Amino acid sequence: MTLRIVPLYPELLSIYADRGNVRVLEQRARWRGIPVEVSPLPLGADLDPAAADAILIGGGQDRDQALVAEALLAQTPALRSAIADGVPVLAVCGGYQLLGHGYVDQGGQRTPGSGLVDLETQAGPDRLIGNVLVEVDLDGHRERMVGFENHAGRTTLGSGVEPLGRVLAGAGNDGVSGHEGCRVGRVIGTYVHGPLLPKNPWLADLVLGWACERRGLDGALEPLDDRLESVAADAAAAIALAERR
Ligand code: GLN
């Protein structure tokens, strides 16, 4: 049994080191002796929903999002099937925006989204840039999520869509609501780059645990020594709080 991590269009959607999220999932599986392979989905290729155990979508400039939009739309049925089968999806920034119905950039150009999650994004007059600290309540316990954000988009969640967390420092979805990201079942969207997962190992293991469960592996992963990750997250949290806008 090999765990299969599928990043979508990493040649276009992997801005601000988001490809690091793929490496973290891969390495945290390897450290546990779980056989794992990374199979990037290139533009124009078809996703086999039965051949993915975790799907990642990184961020991108407006033009990169426009370049992948048509291809992503064509993969929406396969993505919907994978999600229905319990495959976790982690989408960051531009990838998060394309989980929704669409993204309208600062020039008024609309890029259609997959509509997999009921959310909508409209670029604002300026970019929301800076370090970010988010409080995430997940399945009965509270986690801290740190990183940085750089987006023009302001994302509005549909009435049935829960935010991923509460902004303690930074802007989050729109700089107003105090919400960051979204979570619908095992689909997680977030504006947090960094890359996200190295400094948030709890989130990496959440996604990895879901992927393992789906393949009949025990989703309760043995703990790793995350002292270094914790020191890095402490530093990032302190910077975000000091920067609080
Ligand atoms: N182009 C989108 C925006 O500016 C997403 C940016 C990103 O992925 N960092 O909002």
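Predicted model only: the values in this text are computed from it and were never measured. Residue indices begin at 1 and follow the sequence shown. One-based numbering, in listed order, for ligands and for the atoms of each.
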Is any side-chain heavy atom of [Y] closer than 4.5 Å to one of [X]?
X: T190; Y: M145; result: yes
X: I188; Y: L206; result: yes
X: P112; Y: L73; result: yes

Regarding Q97 and Y191, is there a side-chain donor-to-acceptor distance under 3.5 Å anywhere?
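Yes, because at least one side-chain N or O of Q97 sits under 3.5 Å from a partner of the opposite role on Y191.
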Give yes if a backbone or side-chain nitrogen or oxygen of [X] is under 3.5 Å from a nitrogen or oxygen of ligand 1, and no if not.
X: G60; answer: yes
X: G153; answer: yes
X: N150; answer: yes
X: C93; answer: no
X: D62; answer: yes
X: I15; answer: no

Starting from atom 2 (C) of ligand 1, which protein heavy atom do you reach first, and at what distance in Å?
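The closest heavy atom on the protein side is Q65 OE1, 3.1 Å.
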Considering heavy atoms of the protein only, find what lies nearest to atom 4 (O) of ligand 1 and give residue, atom and distance to 0.1 Å.
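Answer for atom 4 (O) of ligand 1: A152 N, 3.1 Å.
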Examine ligand 1 and decide if any of its atoms is less than 4.0 Å from a heavy atom belonging to [X].
X: Y191; result: no
X: R127; result: yes
X: Y103; result: yes

Between T121 and ligand 1, which part of the residue brings a heavy atom under 4.0 Å of the ligand: side chain, backbone, both or neither?
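Looking at T121 and ligand 1, no heavy atom falls under 4.0 Å.
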Counting only heavy atoms, which portion of Q61 has something under 4.0 Å from ligand 1: side chain, backbone, both, or neither?
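Near ligand 1, Q61 shows its backbone, while the atoms from C-beta on stay back.
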Could you tell me how the ring of F148 sits relative to the ring of Y16: parallel (under 30°), tilted (30 to 60°) or perpendicular (over 60°)?
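Perpendicular: the ring planes of F148 and Y16 meet at over 60°.
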Going by the atom numbers of ligand 1, which of them fall below 4.0 Å from some non-hydrogen atom of [X]?
X: G94; result: 5 (C), 7 (C), 8 (O)
X: Y16; result: 9 (N)
X: G59; result: 8 (O)

Does atom CZ (R166) have a neighbourhood of more than 12 heavy atoms from anything else shown, all under 6.0 Å?
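Check fails, neighbour count at 12 or below.
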So does L228 have more than 12 non-hydrogen atoms from other groups sitting under 6.0 Å from CG?
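No, CG of L228 has 12 or fewer neighbouring heavy atoms, counting only those of other groups under 6.0 Å.
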How long is the gap from CD1 on I57 to OG on S114, to the nearest 0.5 Å?
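It comes to 7.0 Å.
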D48 bridged to R4 by N-O distance under 4.0 Å:
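Answer for the salt bridge query: no.
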Could you tell me whether a side-chain N or O of R154 sits under 3.5 Å from a main-chain N or O of A152, the two making a donor and an acceptor?
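Yes; at least one donor-acceptor contact below 3.5 Å.
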